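The structure presented is a predicted model; accordingly, all values stated were derived computationally and were not measured. Quick note: residue numbers are just sequence positions, from 1. Just so you know, these numbers use all the heavy atoms, side chains as well, and skip hydrogens, waters and symmetry mates. Order of listing sets the numbers, starting from 1, for every ligand and every atom in it.
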Amino acid sequence: MREVISSQTCSASELPEALSVAEVALPIPVFKSFHYLIPEQWRGVLRPGHRVRVPFGSRSLCGWVFSLHRESPWGRLKPIAEILGELPCSEDLLGLASWLSRRAACPLGEALRSLVPSFLSFSHRESSPPEPPGEATHCPESPVCWTEEQRQAVSVLESELDSPAPRPTLLYGVTASGKTEVYLHLIQKALGMRRQALLLLPEISLTPQFQETLSRRFGTGVALWHSRMPATARRRVWQGVAEGRLAVVFGARSAVLLPFRNLGLAILDEEQEGAYKQDQKPRYHARDAALKRAADHRALVVLGSATPSLETYFLAQNGSYRICRMSRRVSGSGFFPQVRAVDMRREKNRVLSASLLEALSETLARGEQAILFVNRRGYSSVHLCRLCGWVAKCPRCGVSLVVHRQGAPQLRCHHCIYRIRVPESCPQCKGRGLAFLGGGTQKIVAEIGAALPQARILRMDRDALSRHSSPQGLYQEFKDQKAQILVGTQMLAKGFHFPQVTLVGVADADTALRLPDFRSAERTVQLLTQVAGRAGRGERPGKVLLQTYDPDHYALKAAAAGDYSAFCEEELRIRRQLGYPPFMFLVRVLVSGKNQARAEAEAEKLAQRLRERAAGSLQVLGPAPAAYARLRSRYRFHLLLKGPSWEKVEPYLEEFSRWSLPSSVRVTVDVDPQDLL
Ligand SMILES: [Zn+2]
Ligand SMILES: [Zn+2]
């Protein structure tokens with residue numbers, strides 16, 4: 001039996017000298033930690049959270065002491081060479097690292113590396129006594145005219161904040177319903193309780209607006225955090241948070257891993273955003289991390305959104321989370337824009353419909369502005385009937401089939417092994433209208449230019465942005481009315497305010513809908529709702545036109561009706577039926593390699609092995625080619641593991657992480673993947 005003294009139970013004075021073995025997590029990509037002998041002079045001194053230098057093969061590495069043991073199952077141990085320092089808030093951070101390692105299926109050493117930035121030098125740490133948070137930050141609250149809905153939300157959230165075990169709360173508020181004011185008020189209240197507050201935003205480009213507001217309101221105890229900040233600034237914030245000097249942190253996803261001393265409140269704005277999931281190791285979701293940290297600190301998590309993720313919506317519906325609704329706009333005309341789907345099956349022009357063209361010219365005639373939205377993630381391999389809107393779908397997975405042209409053309413499912421021949425005519429209407437979806441900003445701009453030669457058009461996409469130093473320059477140009485029409489990608493949908501915009505057109509509402517991913521409908525409605533939120537924010541009412549080949553699709557109908565909850569109910573029904581989150585827990589295993597046949601064969605072997613191991617408790621789907629079947633000259637295949645819950649899936653991942661896999665392929669495990677492309 002190994003006796004483990006964890007960081008929770010020991011302090012320096014109580015440590016028995018019998019504990020002679022330290023478990024050390026090293027920053028190397030293997031799923032184990034290593035045992036080292038504690039030299040006699042450090043027994044009773046060395047603790048979990050200490051940074052140490054240890055011999056490792058012919059090298060010497062720095063790692064973290066994770067736990068202490070009486071003995072080790074591995075015979076002769078090498079001694080620890082040096083104690084370098086100690087991790088602040090070590091109990092909290094070691095617990096977080098352990099969680100992160102399990103949840104993101106990454107080695108403990110790598111999890112710790114992402115929690116403790118390399119710039120921290122522990123050999124000469126200047127220690128200053130901790131100060132209580134919020135000292136310089138008790139500015140008077142600016143007077144707010146609360147709406148009735150805001151007042152109710154604030155009262156619910158305040159009572160949760162006061163509670164000894166706050167329940168996570170969904171703040172389900174439409175665009176411009178005044179969520180930001182509610183956030184600020186809660187932050188103020190948390191500071192009043194001498195606790196730290198965290199505000200997470202999905203886009204760094206939104207932070208300047210927030211920075212100004214927060215600094216004006218809360219003074220010097222406010223700090224911005226994102227991973228692209230210079231090392232000196234990050235170091236200052238990291239230490240300030242650890243020492244409790246910084247009371248309010250706002251920024252990107254990784255701010256959730258900061259060493260808070262006394263977290264009272266964590267807010268995720270636009271909680272449904274994919275940007276909250278880290279797309280490299282460790283692949284964690286900031287929402288999960290916030291919930292974990294809040295549970296450790298007895299803090300309140302507020303998930304704010306006009307279009308919450310299905311997972312959050314479901315948990316709010318079944319009572320696991322509290323829910324506060326805000327359905328009225330506080331600013332602008334107070335009206336929702338009129339949203340209409342344009343049926344492209346009846347249009348001659350496949351890029352710009354007659355309705356959109358007419359609406360554009362009317363808008364320009366009134367001296368107002370328009371935004372035209374083109375989906376960035378154009379996906380041209382999806383087959384669609386332009387006459388009736390039929391799309392080939394996998395009968396098992398419910399996602400669009402994708403054309404493969406190697407050998408005889410086939411339509412293949414990108415989740416499972418289903419495949420069929422490409423039909424010659426449409427199976428639904430028997431017509432010969434089968435074609436690919438697609439378009440692009442340039443094409444749209446050219447078409448508008450031809451139809452409305454007098455219009456001044458501004459294009460915003462990757463190419464155009466590379467000519468400007470920042471999106472802000474482009475935004476300013478448009479705001480100053482130097483152009484009448486802005487054509488761009490989904491970047492346009494985020495949080496910007498153009499009072500003169502009264503028309504928003506979506507050129508290809510279907511593109512996102514047809515991505516071979518079970519979240520494509522959810523993402524589409526979220527996107528369309530955000531886009532619609534750009535119209536009519538000033539004094540004049542707005543109009544939104546969605547061009548589609550499938551105007552009766554429940555996602556488009558819900559977007560047009562502005563009824564996100566209706567969409568969620570229908571989508572939940574389908575997810576339950578097909579076995580997708582939130583009803584099942586998914587893990588994606590991506591296998592890639594330069595040699596296509598070898599990558600596929602290895603994926604096949606892996607699938608076989610997983611099927612044998614997890615028979616009866618996990619479903620293993622695939623291998624199938626990933627939607628992006630070839631990326632950076634690597635062929636990509638994926639497996640999907642489906643289990644009833646995280647707890648049921650985790651043991652298999654732990655075992656899987658110990659398998660040795662061939663070096664000819666790269667294997668990536670994505671727990672709770674946010675996209676399957
Ligand atoms: Zn058809
Ligand atoms: Zn399938």
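- Only protein N, O or S atoms were considered, and those under 2.8 Å from the Zn ion (ligand 1) are C385 SG, C388 SG, C426 SG, C429 SG.
- For the pair S355/R340, a side-chain contact is recorded, criterion being any heavy-atom separation below 4.5 Å from C-beta on.
- If you look at the Zn ion (ligand 2), the protein N, O or S atoms less than 2.8 Å from it are C394 SG, C397 SG, C413 SG, C416 SG.
- Classified by interplanar angle (parallel below 30°, tilted 30° to 60°, perpendicular above 60°), the ring pair F656/W659 is perpendicular.
- H285 and Y276 have tilted rings, their planes meeting at an angle from 30° to 60° on a 0 to 90° scale.
- Remark: S425 engages R432 in a side chain to side chain contact (heavy atoms under 4.5 Å, CB included) (not counting sequence neighbours).
- Partners of E602 by salt bridge (charged side-chain N to carboxylate O under 4.0 Å, His left out), not counting sequence neighbours, listed by chain and number: K605.
- Each of E571, E570, E569 was evaluated against Y554; a single residue qualifies, E571, per the side-chain hydrogen bond (donor to acceptor under 3.5 Å, both in side chains) test.
- A salt bridge is absent between R102 and E654: the closest approach of a Lys/Arg side-chain nitrogen to an acidic carboxylate oxygen does not fall below 4.0 angstrom.
- If you check the side chains of T169 and R322, you find no donor sitting under 3.5 Å from an acceptor.
- Salt-bridge check for E311 with R519: passed, with a basic side-chain N closer than 4.0 Å to an acidic carboxylate O.
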